[in-house]
Amino acid sequence: MTHPIPSSFESLGLSPEVLKLLTAKGITIPTPIQHSAIPPALKGNDVIGIAQTGTGKTLAFGIPLLESLHKGKKRALIVLPTRELALQVEESLMQFARSFGIGMAVFIGGASMYRQRMMLKSNPRILIATPGRLIDHLEQRTVTLKEVEILVLDEADRMLDMGFAPQIQKIFKAIPENRQTLLFSATMPSAITTIAMKHMRTPLRVEVAPSGSTAAGVEQHALIVSKDQKTTMLVSLLGETEGSVIVFSRTKHGAKKLTASLIASGISAAEIHSDKSLAQRKAALSGFKNRKYKVLVATDIAARGIDVIGIELVVNYDLPMNPEDYVHRIGRTGRAGKEGQAMSFVTPDQMSDLRAIERLIKKSLNVSEHPSAAGASRRSESPHHRSGGGNRRGGGGGGRFRGPPRRR
């Protein structure tokens, strides 16, 4: 479904009140996903929206949701995978909801159940929740979802995968079948789409970029490096980078250990992962946003839901378990049409993982090889991936960023 992007929101069928509010907020030109998703959502259609990260998906479902509530729909439920994303969506929609007198409540783990129960006394019409905490409220019968007429699954591929599937099934059973369902993500594997279709009514698929597409402004690089040299190379890379950096670790233990190593090297860093309390995670993210910390070391809980302006570089210190998470990770930079950099450390035994990422994004990364990995990587590579002297120029496209210096 493709359309020319209009010069304003006026052609999308929004009410004068919403248009006036958008203009007052300085939001005048819809992004491609907003242009394509808002009209069918306003008509009450179920929608599967797929677009690159950082392209305005929150307002793509948030604007028609608020419009529908303003016109009389009873209640909307937005379900998301992480606390950080839930709080970010609340922040994005709050400015609009307040103008319409629409109350909101956020149910996330780590926050006070008592305070969340108090929120319900004001009869909020938008519920924003992570699955686990919402199930807690359902089991304690502190909330009912019988009046939900609009359901949004943000980062829907994550919501419907095996990790969250049992909880999501319980939520589906608690809400009316006669509802509108909106699913949004940057990646939507076919298996997840099949699951989604079972819970939707002839959904319209709005795909402004193929599933797995990465932002054009992000230069993507990979460095083949031995495991014991990764921290040294990261410190070197950070020394060449002036702006904010997110570093992704596969495990909580790894994130903690790496953060300590960076601090010992004189680099201001904070960590964010599920072993941290909600208050600690908020403090780390706040410090990163206000530049108290140059580096945020994170597990994949931060791959979705961190929207920080001006992140210069994303480093995959460890490759993700799933190729789809690569797309979400590097989407923390190059947001809203800006430029960014992404560097992935690849150990010689991970060449097949690198190829899986390249197949998903339909692009070859710029690959260089550290001497510590020489020989081992060539034994692991197929002839297609050998890089003639250690460097392969791929579809990430040249540019000023050259990555760590290659020592001979």
Side-chain angles (χ1 to χ4, degrees), residues 53-54 58 80-92 94-95 106 108-112 130 215 217-219 230-318 320 325 328-336 338-345 401 403-404:
T53 59
T58 300
L80 319 99
T82 69
R83 303 168 185 177
E84 286 73 24
L85 187 52
L87 293 172
Q88 184 172 292
V89 168
E90 178 198 26
E91 183 180 352
S92 296
M94 180 63 76
Q95 54 185 328
V106 180
I108 56 176
S112 166
T130 52
V218 179
E219 292 183 15
K230 288 202 294 185
T231 302
T232 299
M233 294 311 302
L234 176 61
V235 172
S236 175
L237 180 59
L238 293 174
E240 301 172 3
T241 307
E242 294 181 1
S244 299
V245 181
I246 292 184
V247 179
F248 283 102
S249 167
R250 183 176 286 191
T251 67
K252 297 175 286 188
H253 174 73
K256 182 178 181 179
K257 183 178 178 181
L258 182 57
T259 303
S261 295
L262 294 179
I263 293 173
S265 299
I267 298 169
S268 59
E271 61 193 275
I272 183 169
H273 49 74
S274 59
D275 273 356
K276 294 292 185 179
S277 68
L278 179 59
Q280 289 172 324
R281 287 157 66 165
K282 282 183 174 180
L285 185 54
S286 175
F288 183 61
K289 286 183 175 182
N290 64 29
R291 303 298 190 264
K292 177 181 178 181
Y293 305 115
K294 175 178 179 175
V295 179
L296 184 66
V297 181
T299 57
D300 277 321
I301 65 168
R304 309 172 189 237
I306 286 186
D307 188 9
V308 180
I309 297 173
I311 293 175
E312 181 176 341
L313 172 67
V314 171
V315 178
N316 290 309
Y317 184 87
D318 299 319
D325 288 331
H328 294 278
R329 285 182 177 190
I330 72 168
R332 301 311 100 198
T333 186
R335 298 177 72 79
K338 294 181 171 58
E339 294 182 351
Q341 311 284 345
M343 170 62 77
S344 298
F345 291 167
F401 184 82

Lys282, NZ: over 12 other non-hydrogen atoms inside 6.0 angstrom: no
Looking only at non-hydrogen atoms, find the nearest pair between Lys252 and Thr299 and report the distance. N-CG2, 3.8 Å
Exactly one of Asp318, Leu234, Val247, Asn316 clears side chain to side chain contact (heavy atoms under 4.5 Å, CB included) with Phe345, and that residue is Leu234
For the student: nearest non-hydrogen atoms of Ala284 and Tyr293, plus distance: O-CD1, 3.9 Å
Between Lys276 and Arg83, which heavy-atom pair has the shortest distance, and what is it? O-NH1, 4.1 Å
Could you walk me through whether Thr333 and Leu313 pass the side-chain contact (heavy atoms from CB on, under 4.5 Å) check? CA-CA 6 Å; Thr333 186; Leu313 172 67; over 6 Å; no
Surrounding CD of Glu91 (heavy atoms of other residues, nucleotides or ligands, distance under 6.0 Å), is the total greater than 12? no
Looking only at heavy atoms, which two atoms of Arg281 and His273 are closest? And how far apart? CD-O, 3.6 Å
If only side-chain N and O atoms count, and only distance matters, is there a donor-acceptor pair under 3.5 Å linking Ser244 with Arg291? yes
Out of curiosity, Ser268 OG to Lys292 NZ, how far, rounded to the nearest 0.5 Å? 10.0 Å
Can you tell me how far the OG1 atom of Thr82 sits from the CD atom of Gln88, to the nearest 0.5 Å? 8.5 Å
Met343 versus Leu237, closest heavy-atom pair with distance: CG-CD2, 3.9 Å
Given side-chain contact (heavy atoms from CB on, under 4.5 Å), test Glu84 with Ile272 step by step and report yes or no. CA-CA 10 Å; Glu84 286 73 24; Ile272 183 169; 3.7 Å; yes
Atom CG of Leu262 and atom CD of Glu271: how far apart are they, to the nearest 0.5 Å? 10.5 Å
If we ignore hydrogens and angles and just use 3.5 Å, is the side chain of Ser249 paired with the main-chain N or O of Thr251 as donor and acceptor? yes
Give the minimum heavy-atom separation between Val314 and Ile330, together with the two atoms involved. CG1-CA, 4.2 Å
Could you check whether any side-chain N or O of Lys294 sits under 3.5 Å from a backbone N or O of Ile267, counting only pairs where one atom can act as donor and the other as acceptor? no
